[in-house]
Amino acid sequence: MPKTAISPELAEALSRLRASMPPEETDIADRMEAISAQHVKTFRDTAFGSRFRKLKRSLVAHFTGDNKQHRMIIVTGESHSGKSDLIECCLDNDPGLAAYPTNDGYPAVPVLRMDAPSPCNMVNVAIEGLEALGYPVKGNIKEKEAWPLFRAQLKRHRVLILFIDEAQHAVNSTSSRADLQRLRDIFKHVTQMKDWPVRLILAGVHPLEKLREDKQIRTRSMPMHLGDITAAHASHVRHWVVKIVKEHAEMRLDDFMAGDFPLRLIHGAGGCFGSIIQLIRMAIEDALVGGKDVVSLSNFANAYATMTGCSKKENILTVPRWRSIEGALARLARDADGPEEEEKVEESEMPASPRTKVMKAHRGGER
């Protein structure tokens, strides 16, 4: 099934809109869709993959009592740091998580993906999960009914891994320490159900890390924080530009990558990995709109101006004294403690390969 389920109504509306557009516009849209679908592998994939393998080992060893400490992965990082894409790529490319038919007629969904609803409480989380599995739910269902039903459906659909994105909504919705502890207890219970253990992957921004203030969750979970891209990653940024332009887009790259361009890109994007990747792809789109097969500095400058609304005098990618200008894509607020230290970068981890297209584990009506 597609990762994003489109309703018949939306499909009809988009088809009518597409029919009204000239072929050159839909060609660009299709090409950009294909480019954006390709994963940009980084040193973070290696770090997350190591944790994910531990999670799977703890699952297959659940009944022997081994590896109790590897029942959750909690991925934190600021908006556009690349959390969701990192996790999705790992899940998409694991052959053990492909959907399969069962003898009892229920489709097996080894990995269930869902967004934490907002506003979020445990009833809404259960309802969101049930709906993701295609189970009809009444809006007035009570928590004491919703969670047992959700757990039963997890077993019926052979769900082994539950990925909840934007999980900070669940923490933000707690109004007291008692509520927060109750949330922790529910998450713990899901991972230690005797008849059907499930492993959790939670992703989100602050204050998701508060879950690990509980000793049992701290000993059963593996944290991973995605920090900012910094000047130390300049060679990686250069590699990402070349990779996306030449391999993903199959276009040529003009001669402007030498010197401080990667540093300008990092500064303009505020150290945000997602914004860096978006800028590269928007530069490609700008070149395609201009009918060119070469991506130039002017395409990057246009992309940055489009994303930020900056003037020519404020365009960090072209002005001489760019260091004195604050990156327009920088986050307006950071945690009081500042960003955590990024995972160590090994040069051997830098080379990337195009995303392998495999059957995607669906979430039974997922977004």
Side-chain angles (χ1 to χ4, degrees), residues 1-40 79-80 82-85 87-89 91-93 98-99 101 107 109 111-119 124 127-139 157 163-166 169 244-245 247-251 274-275 277-295 298-300 302-309 329 354-367:
M1 288 186 64
K3 184 174 294 186
T4 301
I6 299 178
S7 67
E9 295 82 3
L10 180 57
E12 179 186 9
L14 293 179
S15 294
R16 289 180 64 86
L17 178 62
R18 183 183 181 93
S20 71
M21 298 168 63
E24 57 269 23
E25 288 290 308
T26 55
D27 288 346
I28 292 174
D30 293 342
R31 189 165 177 184
M32 289 308 305
E33 181 182 19
I35 292 169
S36 298
Q38 299 189 66
H39 179 66
V40 181
S79 181
H80 292 285
K83 302 180 295 296
S84 301
D85 188 63
I87 297 168
E88 293 280 11
C89 181
L91 298 178
D92 288 346
N93 289 284
V109 187
V111 56
L112 176 64
R113 313 164 201 233
M114 55 181 281
D115 283 346
S118 179
N124 288 344
I127 291 174
E128 182 79 10
L130 287 166
E131 290 180 344
L133 289 169
Y135 190 93
V137 185
K138 295 181 179 180
H157 288 276
F163 168 35
I164 303 179
D165 206 356
E166 304 294 344
H169 292 320
I244 295 172
V245 172
E247 295 189 23
H248 294 182
E250 298 181 338
M251 297 173 71
S275 295
I277 301 304
Q278 186 179 6
L279 269 168
I280 299 169
R281 289 171 175 164
M282 286 186 68
I284 291 171
E285 185 175 17
D286 188 73
L288 292 175
V289 170
K292 301 176 181 178
D293 64 353
V294 179
V295 180
S298 64
N299 296 129
F300 275 89
N302 291 342
Y304 186 74
T306 299
M307 287 182 70
T308 65
L329 298 176
R355 186 172 185 166
T356 303
K357 292 186 177 180
V358 298
M359 180 178 178
K360 295 178 180 178
H362 70 103
R363 50 171 277 199
E366 67 185 330
R367 60 167 175 68

Give a yes or no answer on whether the side chain of [X] reaches the backbone of [Y] with a donor-acceptor pair at less than 3.5 Å.
X	Y	result
His157	Pro107	yes
Ser36	Glu33	no
Asn299	Val295	no

Residue pair [X] / [Y]: nearest heavy atoms and the distance that separates them:
X	Y	answer
Ala249	Arg31	O-NH2, 2.7 Å
Leu112	Gly129	CD2-O, 4.1 Å
Glu128	Asp115	CG-O, 3.4 Å
Ala283	Ala303	N-CB, 3.7 Å

> Restricting to pairs with a member in residues 286-295, which pass salt bridge (Lys or Arg N to Asp or Glu O under 4.0 Å), not counting sequence neighbours?
Replying inline: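 Those involving residues 286-295 are Arg252-Asp293.
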Hey, could you give me the [atom1]/[atom2] distance between [X] and [Y], rounded to the nearest 0.5 Å?
X	Y	atom1	atom2	value
Ile35	Ile244	CD1	CD1	9.5 Å
Tyr304	Met282	OH	CE	12.0 Å
Glu9	Leu14	CD	CG	11.5 Å
Ile127	Tyr135	CD1	OH	12.0 Å
Glu285	Met32	CD	CE	5.0 Å
Glu166	Ser84	CD	OG	6.0 Å

>> Tell me if the CD atom of Glu24 is crowded by more than 12 foreign heavy atoms within 6.0 Å.
In response: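 Enclosed.
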> With respect to Cys89, which candidate in Asn93, Ile87, Asp92 satisfies the side chain to side chain contact (heavy atoms under 4.5 Å, CB included) definition?
Replying inline: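 Checked Asn93, Ile87, Asp92 against Cys89; only one passes side chain to side chain contact (heavy atoms under 4.5 Å, CB included): Asn93.
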